[in-house]
Amino acid sequence: MNYHDILARIQEEVLPLSNKGKVADYIPQLAKVDPSKFGMYLHLLNGQSYAVGDWEERFSIQSISKVLMLCMAVSKLGEKVYERVNVEPSGDPFNSLVQLEYERGIPRNPFINAGALVITDMLIDAFNDPKQSFLDFTRAVSGHLDVQCNPAVAESERRCGFKNSAIVNLMKSFGNIKNEVDRVLDLYYDFCSVDMNCQQLAQAFCLIANHGRGIVNDQKYLSESQFKRITAIMMTCGFYDEAGEFAFKVGLPGKSGVGGGIIAILPNEFSLAVWSPGLNEKGNSLVGMKALEIFTTQTACSIF
Ligand code: GLU
């Protein structure tokens, strides 16, 4: 397969669409990003890699960090993680409060904000220095020791995170948050603020493509069953209320973030990161989704 040519053709085809999406502006720091950016990085588990566009430029991974947080929680705490967070698609926006009230403070899944905030609460109890442990984990699985949180992005979100504050407080009222709400929010914003480029992201998520075994250090972080479950949640809940559309058009487990990044994996084969900051009305990268759709259509590489 000539991945080099395929990625080049994808870039050519999607670039005219880059003014169609809208850069997230509810976190002021994200609104400053140039919407014409586009990068893509494919890392095959056989060690080969291919890239186009702005793949070396770092961006805010935002909700993509929720998968790494879940991996850390499950690998440390095991299946009891799922006692405080469900695994059903929400069909609601990522920051919705409505469902949470009906369902008595138990989030629908770990990839909506409510779920990731509960996972953050668990990580506070499970690690002495959870922020450092998260960075250590992300650096170890990606093989990039310079991965960092972005304090300006975290602070920007902290100042405007009224919905997230409401979500944590609501869950606290139902007894599903054990720590101080501000501590949970601060750490959650740090996790979301991590900057990575397409290469670093693709290499980090080889952890999932490789059934929970790090490709850099060969460490087995997730059991087969834990790998299966996390991949299934990516497939069903990784794209806000557009997971069905993503499965339909792309056919890969993945996760997107409001920074315009999307990671998609094919178990045993590859990890593929794409970044384009303009979002569609559901909050997923408009060009990123299109690029992945073309990729799986042209290569016939999907899980189906
Ligand atoms: N930090 C963002 C928030 O909590 C993450 C949103 C996302 O990427 O889905 O709103």
Side-chain angles (χ1 to χ4, degrees), residues 21-33 58-70 85 89-100 107-121 123 131 134 138 148-171 177 181-196 201 205 233-234 236-243 245-246 254-264 273-286 288-289:
K22 192 172 169 304
V23 175
D25 55 7
Y26 77 100
I27 301 174
Q29 200 67 18
L30 295 185
K32 299 179 181 166
V33 180
R58 291 173 195 235
F59 58 93
S60 195
I61 70 167
Q62 290 297 316
S63 272
I64 299 175
S65 64
K66 289 171 180 162
V67 184
L68 300 169
M69 291 157 60
L70 180 63
V85 57
S90 73
D92 272 325
F94 63 97
N95 57 3
S96 171
L97 275 152
V98 180
Q99 213 161 35
L100 201 53
R108 269 289 167 115
N109 67 68
F111 296 161
I112 54 172
N113 287 13
L117 286 158
V118 168
I119 299 289
T120 304
D121 188 50
L123 294 175
K131 179 177 169 185
F134 180 78
T138 306
Q148 297 282 4
C149 297
N150 182 325
V153 171
E155 185 50 33
S156 177
E157 184 165 13
R158 202 165 280 134
R159 270 190 268 112
C160 307
F162 308 112
K163 264 274 183 69
N164 287 326
S165 301
I167 289 171
V168 186
N169 278 291
L170 186 59
M171 292 194 295
I177 292 288
V181 294
D182 284 341
R183 176 131 193 250
V184 176
L185 287 165
D186 279 353
L187 183 60
Y188 169 77
Y189 294 140
D190 285 337
F191 290 156
C192 292
S193 78
V194 166
D195 281 334
M196 291 172 90
L201 209 50
F205 275 81
I233 305 171
M234 291 172 78
T236 52
C237 310
F239 294 87
Y240 312 119
D241 45 344
E242 208 176 15
E245 185 83 0
F246 191 82
K255 182 74 195 89
S256 70
V258 294
I262 301 181
I263 186 74
V274 57
W275 172 52
S276 167
L279 308 180
N280 65 17
E281 67 291 345
K282 296 285 172 73
N284 294 304
S285 171
L286 187 145
M289 276 189 70

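The first residue in the sequence is number 1, and the count goes up from there. For ligands, and for the atoms within them, numbers begin at 1 and follow the listed sequence.
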Note to self: Quick check on side chain to side chain contact (heavy atoms under 4.5 Å, CB included): which of I119, T138, D186, L123 does F191 satisfy it with?
What the structure shows: L123
Check: Which atoms of ligand 1 have any heavy atom of Y240 under 4.0 Å away?
Finding: 7 (C), 8 (O), 9 (O)
Next item on the list: Answer yes or no: does an N/O atom from G257 fall short of 3.5 Å to an N/O atom of ligand 1?
Entry: no
Next item on the list: Say whether, by atom type as modelled, one donor and one acceptor occur between the side chain of N280 and the main chain of G283 under 3.5 angstrom.
Entry: yes
Item checked: side chain to side chain donor-acceptor pair (under 3.5 Å) against K131, all qualifying residues, sequence neighbours excluded -> none
Next item on the list: Decide, yes or no, whether a salt bridge links R158 with D182 under the criterion of side-chain N to carboxylate O below 4.0 Å.
Entry: no
Margin query: Please find the pair of heavy atoms, one from L100 and one from A114, that lie closest to each other, and give the distance.
Written below: CD2-CB, 3.9 Å
Next item on the list: Give the numbers and elements of all ligand 1 atoms closer than 4.0 Å to a heavy atom of C192.
Entry: 1 (N)
Next item on the list: Not counting sequence neighbours, which residues clear side chain to side chain donor-acceptor pair (under 3.5 Å) with S256? List them please.
Entry: N284
Check: Under a heavy-atom criterion of less than 4.0 Å, does Y188 contact ligand 1?
Finding: yes
Next item on the list: Report, in ascending order of atom number, the atoms of ligand 1 lying under 4.0 Å from any heavy atom of S63.
Entry: 5 (C), 6 (C), 7 (C), 8 (O), 9 (O)
Notebook entry, point to check: What atoms of ligand 1 come closer than 4.0 angstrom to any heavy atom of N164?
Noted result: 3 (C), 4 (O), 10 (O)
Notebook entry, point to check: Which of the atoms of ligand 1 are close to N113, meaning less than 4.0 Å from one of its heavy atoms?
Noted result: 3 (C), 4 (O), 10 (O)
Notebook entry, point to check: Do any nitrogen or oxygen atoms of E157 come within less than 3.5 Å of a nitrogen or oxygen of ligand 1?
Noted result: yes
Item checked: Exam field: side chain Q99 to backbone R108, donor-acceptor pair closer than 3.5 Å -> no
Next item on the list: Number the atoms of ligand 1 from 1 as they appear, then name those within less than 4.0 Å of a heavy atom of Y26, with their elements.
Entry: 2 (C), 3 (C), 5 (C), 6 (C), 10 (O)
